[in-house]
Amino acid sequence: MMREKRAGEHSTKIVTVAHPGQGMDAALEIRAAIEEARKEEGFVEIRFRAGKVYEVWPEGAYHTRGYYITNTAGKLENPDGERWSAILMKDMKNVVINGSGALLLVHGVMTPILIDGCEDIIFRDFNLDYARPTVSEYTVTMKTDTYIRIKVHKDSLYRLQDTDGDGRPDSILWQGERTLADGEARYWENAACLLQELDPDRGTLRRVPWYGYGSGITDLGDNVLQLEFPEGSRYREGCTYQVRDGIRNQVGVFIHRSKNVTFEDCGFHYMHGLGVVGQYSENLALHRLECAPRPETGRTCASFADFVQMSGCRGEILIADSHFSGAHDDTVNIHGTHLRIVEADRAERRLTVRFMHEQSWGFQAFEAGDEIELIDGESLVPYHGNVVKDFSRKNDTDIELMLEEALPEGIRTGCDAVENITWTPNVTIRNNLSEYVPTRGILCTTRGKVVIEKNVFRKHGMAAILLEDDARGWFESGLIRDMTIRDNLFEDGEAPQIHSNPQTVSADPEKTVHSNIAVTGNRFTGQAVEIRAVGTKGFRVEDNIFPEAGGKVFLTGLRSGTMKIRQGYIRMAGLAPYPEGKARLAFGTHVTKRLL
């Protein structure tokens with residue numbers, strides 16, 4: 001990570017970002033400060049004015065193309081990898097962005113912060129939010145047998161539509177702000193139908209089916225709408241509903257091909273698409289982040305999808321002492337990318353590989369000198385290692401790899417995949433609170449050393465920790481070789497709370513995918529507590545505290561493992577690969593089971 005300079009060690013140039021005035025576009029002032037800092041040879045601090053609100057619109061922002069980002073937009077949604085950014089740092093070194101508590105307020109839809117080819121960068125005391133988030137919100141204030149009343153959040157712009165032509169509104173068209181250039185056109189409009197339900201009494205956020213707007217809508221004024229449901233509605237009084245479309249055409253922060261980048265004491269209060277994304281970058285640290293809506297806005301959603309996604313990174317990834325609340329997908333997702341082998345020329349030592357998922361394509365996934373492994377597309381077990389000598393981009397999805405070593409026989413084109421194992425990080429995720437998340441807390445698949453400790457996972461809608469790896473769905477890669485999950489609190493979440501679930505079709509216990517996973521010293525609360533593991537060897541569950549009702553551990557296709565539980569009891573299931581009598585079970589305060 002970027003080394004803090006000692007007093008007197010280096011002189012630091014201070015570049016102050018001028019403030020243009022309340023309600024004015026600050027894009028030019030921010031750009032001027034960045035360009036001035038770019039000219040400096042030594043250490044530079046770009047300093048925003050304390051407590052100011054810097055508003056930015058796409059029209060005055062940096063406009064770039066060619067930034068393709070994993071797990072985001074399809075080819076029709078953002079074909080050229082277009083980005084509009086308030087802060088664009090390209091090929092810069094030794095820079096501190098000191099926000100001084102200022103707020104960057106985004107209008108339209110942007111990738112507000114883009115860091116490309118940089119080294120030793122720190123963002124400190126910096127806040128980011130949207131004037132009009134791309135997730136709309138409304139609260140059910142009254143429910144009867146035949147209608148409901150909703151209060152639309154003041155920031156959720158909309159107009160009513162008559163879709164069946166009977167002269168009465170029956171649908172809501174959600175709208176972005178009017179563009180700065182036109183004044184009449186909108187940055188975006190959609191009839192969003194991806195719905196989440198926030199229950200403030202239960203403290204939960206869940207994905208729910210689309211409930212619709214009923215047979216007719218009456219505007220009662222002051223953002224209060226009455227929706228007619230003659231046969232009743234599934235909406236629940238007192239709950240807030242978040243609605244959006246599915247287009248991830250921008251992200252919050254994009255860190256690309258950079259090294260030693262730190263964000264500390266920053267607030268990310270709304271991010272469109274994915275949140276903070278690291279892609280083919282090295283040594284990234286997120287300290288003391290507040291990823292949650294600003295209380296004064298009255299909003300409940302802070303991210304259109306994941307809060308943090310790291311794809312194809314290396315070195316050290318650190319996420320610590322942070323608060324994550326109000327997402328539309330996972331809190332943290334760390335993975336690589338499987339590219340499917342579509343052509344293999346053994347004589348020429350050449351492979352053609354292809355991005356397979358419609359939301360991951362176009363980006364540079366290899367460099368000369370990168371080590372790769374060929375992965376069996378069914379068992380996910382690697383069977384050959386090689387080194388990239390050269391590569392060429394054939395089109396948006398296909399890459400040709402020229403390799404140093406001879407290729408083996410038996411490569412199955414259209415099935416097997418390639419993983420770039422040079423770009424696999426060590427990961428530490430420590431002392432974070434994750435709540436109001438409808439899906440997972442952490443997805444993490446990497447060969448590096450992983451420590452997940454002292455976190456609180458509160459009432460997650462799916463597995464708090466999910467360990468996958470697949471070459472058939474999302475094509476998110478990564479074999480786990482050394483993972484410790486310790487001293488965490490899993491609070492009242494949906495079961496299973498921990499799930500090692502590589503997407504293998506092999507039931508052969510000799511072809512396990514993940515290995516050496518220790519689940520130790522954790523505490524679980526709630527009515528249904530489960531730990532599940534498939535296709536994993538060296539899986540230990542030891543000295544965890546379960547609720548009075550007990551917990552369940554399900555293991556399938558494991559080669560070896562040891563489990564110990566303190567308090568309550570443990571049930572074992574899914575041991576079909578092992579004949580009866582091959583396992584021992586002792587009852588008491590501690591229950592131990594060893595798979596031989």
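For this chain, numbers begin at 1 and follow the sequence in order.
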- In terms of side-chain geometry, is the basic nitrogen of Lys454 or Asp487 positioned less than 4.0 Å from the acidic oxygen of its partner? no
- Can we say Arg440 and Glu468 salt-bridge, meaning some charged N sits less than 4.0 Å from an Asp/Glu carboxylate O? no
- How would you list, by chain and number, every residue that makes a ring pair (Phe, Tyr, Trp, His ring centres under 6.0 Å) with Phe263, sequence neighbours excluded? Phe123, Phe268
- Can you name the ring pair (Phe, Tyr, Trp, His ring centres under 6.0 Å) partners of Tyr62, sequence neighbours left out? none
Does any non-hydrogen side-chain atom of [Y] lie less than 4.5 Å from one of [X]?
{"X": "Ser500", "Y": "Met483", "answer": "no"}
{"X": "Phe554", "Y": "Val534", "answer": "no"}
{"X": "Arg248", "Y": "Asn78", "answer": "no"}
{"X": "Lys151", "Y": "Asp222", "answer": "yes"}
{"X": "Arg244", "Y": "Thr134", "answer": "no"}
{"X": "Arg83", "Y": "Ile69", "answer": "yes"}
{"X": "Asn488", "Y": "Val456", "answer": "no"}
{"X": "Asp164", "Y": "Asp162", "answer": "yes"}

Would you find a donor on one side and an acceptor on the other, under 3.5 Å apart, between the side chain of [X] and the backbone of [Y]?
{"X": "Asp330", "Y": "Gly441", "result": "no"}
{"X": "Asp182", "Y": "Glu184", "result": "yes"}
{"X": "Asn432", "Y": "Asn455", "result": "no"}
{"X": "Asp219", "Y": "Gly221", "result": "yes"}
{"X": "Thr146", "Y": "Pro230", "result": "no"}
{"X": "Tyr187", "Y": "Leu180", "result": "yes"}
{"X": "Thr439", "Y": "Met462", "result": "no"}
{"X": "Glu82", "Y": "Arg65", "result": "no"}
{"X": "Asn544", "Y": "Asn522", "result": "yes"}
{"X": "Lys154", "Y": "Gly298", "result": "no"}

Would you say [Y] and [X] are linked by a side-chain donor-acceptor pair, where the criterion is simply a distance under 3.5 Å?
{"X": "Thr240", "Y": "Thr300", "value": "no"}
{"X": "Arg168", "Y": "Ser215", "value": "no"}
{"X": "His335", "Y": "Gln309", "value": "yes"}
{"X": "Ser85", "Y": "Thr111", "value": "no"}
{"X": "Tyr138", "Y": "Tyr158", "value": "no"}

Do you know which two heavy atoms are closest between [X] and [Y], and how far apart they sit?
{"X": "Gly478", "Y": "Thr445", "answer": "O-CB, 3.3 Å"}
{"X": "Phe546", "Y": "Ile531", "answer": "CZ-CD1, 4.0 Å"}
{"X": "Thr331", "Y": "Ser434", "answer": "OG1-OG, 2.7 Å"}
{"X": "Pro425", "Y": "Ile317", "answer": "CB-CG1, 3.7 Å"}
{"X": "Ala73", "Y": "Asn249", "answer": "CB-CA, 3.9 Å"}
{"X": "Ala86", "Y": "Ala61", "answer": "N-CB, 4.3 Å"}

- Message: Please evaluate residues Ser233 and Leu227 with respect to the criterion side chain to side chain contact (heavy atoms under 4.5 Å, CB included), reporting the C-alpha separation (whole Å), side-chain torsions for both, the decisive distance (0.1 Å), and the verdict.
- Response: CA-CA 10 Å; Ser233 144; Leu227 313 184; over 6 Å; no
- Message: Run the side chain to side chain contact (heavy atoms under 4.5 Å, CB included) test on Arg159 and Arg186 for me, step by step, so that the C-alpha distance in whole Å, both residues' side-chain angles and the decisive distance to 0.1 Å come before the verdict.
- Response: CA-CA 12 Å; Arg159 68 178 175 88; Arg186 302 277 181 173; over 6 Å; no
Partners of [X] by side-chain contact (heavy atoms from CB on, under 4.5 Å), sequence neighbours excluded?
{"X": "Asp129", "value": "Leu103, Leu105, His269, Tyr270, Arg294, Thr297, Arg299"}
{"X": "Asn190", "value": "Trp174, Trp188, Ala192, Asp245"}
{"X": "Gln196", "value": "Leu205, Arg207, Gln242, His328, Pro438"}
{"X": "His323", "value": "Glu290, Ala292, Ser325, Leu433, Glu435"}

- Task: Could you walk me through whether Phe126 and Ile113 pass side chain to side chain contact (heavy atoms under 4.5 Å, CB included), step by step?
- Result: CA-CA 11 Å; Phe126 188 88; Ile113 301 173; 3.8 Å; yes
- Note on the structure: Residue pairs meeting salt bridge (Lys or Arg N to Asp or Glu O under 4.0 Å), one or both in residues 195-204, sequence neighbours left out, come to Glu197-Arg236, Asp199-Arg202, Asp199-Arg236
Inter-residue atom distance [X].[atom1] - [Y].[atom2], 0.5 Å rounding:
{"X": "Thr204", "Y": "Leu198", "atom1": "OG1", "atom2": "CG", "answer": "7.0 Å"}
{"X": "Thr504", "Y": "Asp469", "atom1": "OG1", "atom2": "CG", "answer": "9.0 Å"}
{"X": "Leu88", "Y": "Phe254", "atom1": "CG", "atom2": "CZ", "answer": "11.5 Å"}
{"X": "Asp306", "Y": "Asp329", "atom1": "CG", "atom2": "CG", "answer": "4.5 Å"}

According to side chain to side chain donor-acceptor pair (under 3.5 Å), who are the partners of [X], at least two apart in sequence or on a separate chain?
{"X": "Asn223", "result": "none"}
{"X": "Asp170", "result": "Thr163"}
{"X": "Glu77", "result": "none"}
{"X": "Tyr211", "result": "none"}

- Give the intermediate values and the outcome of side chain to side chain contact (heavy atoms under 4.5 Å, CB included) for residues Ile465 and Phe490. CA-CA 10 Å; Ile465 298 177; Phe490 297 85; 3.8 Å; yes
- salt bridge (Lys or Arg N to Asp or Glu O under 4.0 Å) filter on Glu453, not counting sequence neighbours, yields Arg430, Arg486
- ring pair (Phe, Tyr, Trp, His ring centres under 6.0 Å) with Phe355: which of Trp361, Phe363, Phe475, Tyr68? Phe363
- Item | Neighbour count >12 (heavy atoms, 6.0 Å) for atom CG, Asp166 | yes
